[in-house]
Amino acid sequence: MSRRIKRMNPRPRSRDEREDARPHQARSAKKAGPRPGGKPPRFAGERAERRAPKPEPERAAPAKPVEALLPTKVQTVTVTADENNMRVDRFLEARFPGLSFSHIQRVVRKGELRVDGKRVDSKDRLEEGQSVRIPPLKLDAPKVVGELSDAAQKTLKALQEMTIYEDDDVLVLNKPAGLAVQGGSGMTRHIDQMLEVMRDAKGQKPRLVHRIDRETSGCLLIAKTRFAASHLTGAFRSRSARKVYWALVPGLPKPKQGRISTFLAKEESEDDTIMRIAQHGDEGASHAVTYYAVVETAGNKLTWVSLKPVTGRTHQLRAHMAHIGHPIVGDPKYFNIENWQLPGGLQNRLHLLARRIVIPHPRGGVIDATAPLPPHMQQSWNLLGLDATRFDPIENAPEE
């Protein structure tokens, strides 16, 4: 089992760094550049202007593929020049509008879709000229753009109440804990399904750009256009997106600021999936890196930590904090301290918040969105006397 923790070199706080971002607020895109006096911006960028960026004319979309009919039997198609470098899931979505995310994931996961005769992952990218075997597909019922039903209006209102940033291309939601991002076994309500009510006049639905766990609350980035989806997923792929999480853990991590570097591999059973610490070269093992920093302690019994994932593996933060002996409070999968008693007044729910996301805007500038503590974490902060306006030292973490 590998375990590496390195110290981060803290630096003195500047006056600008002591200005805390107000909760439940998002700053719209802004142009990056040096501060007055020659100081470079922090990793998250400066405070953005309050106005959203002026949208530029949408780029001309590539010619639509000719394959648009629902395949009732197995068919084989060839990747066109316009589809070169397109992800497998985006390829299916573009060829068959209305095909649900869960159905796409299912046919890929089961190996029913093949590329040049081989199994692929939904995130794999296609090359011009490749041969794609497409199984019989089942489209969702056509969505008619018009007056919304009462249920759809309630869903739209719920999404509006979650919204912490929006413009013509991008939407950032403050996802509540307990609401799944995408569908699964027996899942009837989730963000991807709720976005159906936001289909535009062309029938295009906003797209998930990344995902957070069901019990994790906070910033969730949505692309409202194909143009935005392409640019935002590219930003995640190139690691130019920055995410900050807040968590409550037992004990006091030492050193107070550090780097966790391990390999993680998925371990599946009939009714559960967890990520285990693996060795380099293990089947399915992926390298995962997380920076952490202690923000404030409550009598050395509980500690508020800020986390900055460099990679984006499943359950990465939860597995990494458990690995260093400080699992996140309320984590049903990874909390592994025997006979540990939850302090009175705290709810036994996952204390993990996707606090902040900073990412280049598709049309220039930077999106910088911040989510507030969810109710159960706010209750814990109040009971423990933690000050949510304190300076977050994770900003000193390297830009790895």
Side-chain angles (χ1 to χ4, degrees), residues 1-5 174-182 184 190-191 210-221 236 241-254 257-269 271-279 282 284-295 302-338 340 342 346-357 371 373-374 376-377 380-381 392 394 397:
M1 180 179 296
S2 63
R3 171 179 172 180
R4 291 171 52 207
I5 305 179
N174 175 26
K175 186 193 78 67
L179 178 61
V181 171
Q182 61 196 56
H190 49 85
I191 294 293
H210 69 124
R211 291 145 185 84
I212 55 179
D213 295 341
R214 180 177 182 176
E215 295 305 324
T216 302
S217 65
C219 295
L220 180 68
L221 188 65
F236 275 96
R242 297 288 179 265
K243 295 182 289 182
V244 172
Y245 289 74
W246 283 1
L248 189 68
V249 302
L252 177 62
K254 293 180 180 180
Q257 297 182 10
R259 177 181 184 270
I260 308 169
S261 175
T262 73
F263 284 84
L264 295 175
K266 187 174 293 187
E267 194 170 90
E268 295 184 288
S269 61
D271 52 7
D272 200 10
T273 299
I274 65 168
M275 300 301 289
R276 62 177 177 82
I277 303 299
Q279 300 295 326
D282 286 358
S286 298
H287 189 218
V289 176
T290 301
Y291 285 97
Y292 73 87
V294 170
V295 184
L302 290 165
T303 299
W304 161 20
V305 294
S306 186
L307 304 165
K308 179 183 169 187
V310 176
T311 52
R313 312 304 178 200
T314 302
H315 298 174
Q316 176 177 317
L317 302 180
R318 298 163 64 182
H320 269 175
M321 293 311 295
H323 174 59
I324 66 170
H326 301 278
I328 298 173
V329 169
D331 192 332
K333 289 180 180 284
Y334 298 93
F335 198 94
N336 52 11
I337 301 178
E338 294 184 5
W340 189 83
L342 186 72
L346 273 63
Q347 297 183 46
N348 191 23
R349 301 183 63 184
L350 183 66
H351 281 58
L352 180 62
L353 165 69
R355 169 66 173 177
R356 190 177 182 187
I357 188 165
L373 289 166
H376 71 281
M377 288 181 67
S380 298
W381 259 238
D392 188 346
I394 202 66

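Electrostatic pairing of Arg318 and Asp213 counts as a salt bridge here, judged by a charged N lying under 4.0 Å from a carboxylate O.
Atom NE2 of His320 is separated from atom OH of Tyr334 by 10.5 Å, given to the nearest 0.5 angstrom.
Remark: side-chain polar atoms of Lys333 are paired, donor with acceptor, to backbone N or O of Thr273 under 3.5 angstrom. With hydrogens and angles ignored, the 3.5 Å screen pairs a side-chain donor or acceptor of His326 with a backbone N or O of Pro250. Lys175 contributes a side-chain N or O that, together with a main-chain N or O of Thr216, makes up a donor-acceptor pair within less than 3.5 Å. No donor-acceptor pair under 3.5 Å is formed between the side chain of Arg214 and the backbone N or O of Leu179. Judged by distance alone, with hydrogens and angles left aside, the side-chain atoms of His315 form no donor-acceptor pair with the main-chain N or O of Arg313 at under 3.5 Å. The backbone N or O of Val289 sits less than 3.5 Å from a side-chain atom of Thr311, completing a donor-acceptor pair.
Closest approach of Gly218 and Leu353 over heavy atoms only: CA-CD1, 3.7 Å. Residues His210 and Cys219 approach most closely at CE1-O, 3.7 Å, considering heavy atoms. The two residues Gly330 and Asn348 have their closest heavy-atom pair at CA-OD1, 3.5 Å.
The side-chain heavy atoms of Arg356 and Arg242, taken from C-beta on, include no pair separated by under 4.5 Å. Side-chain contact between Asp331 and Met321 is absent, with no heavy-atom pair separated by less than 4.5 Å.
Test Val249, Val295, Val294 against Trp304 for side chain to side chain contact (heavy atoms under 4.5 Å, CB included) and you get one pass: Val295.
Relative ring orientation between Trp340 and Phe335 is described as tilted, the plane-to-plane angle lying within the 30° to 60° band.
Side-chain contact, Thr262 with His323: no donor N or O sits under 3.5 Å from an acceptor N or O.
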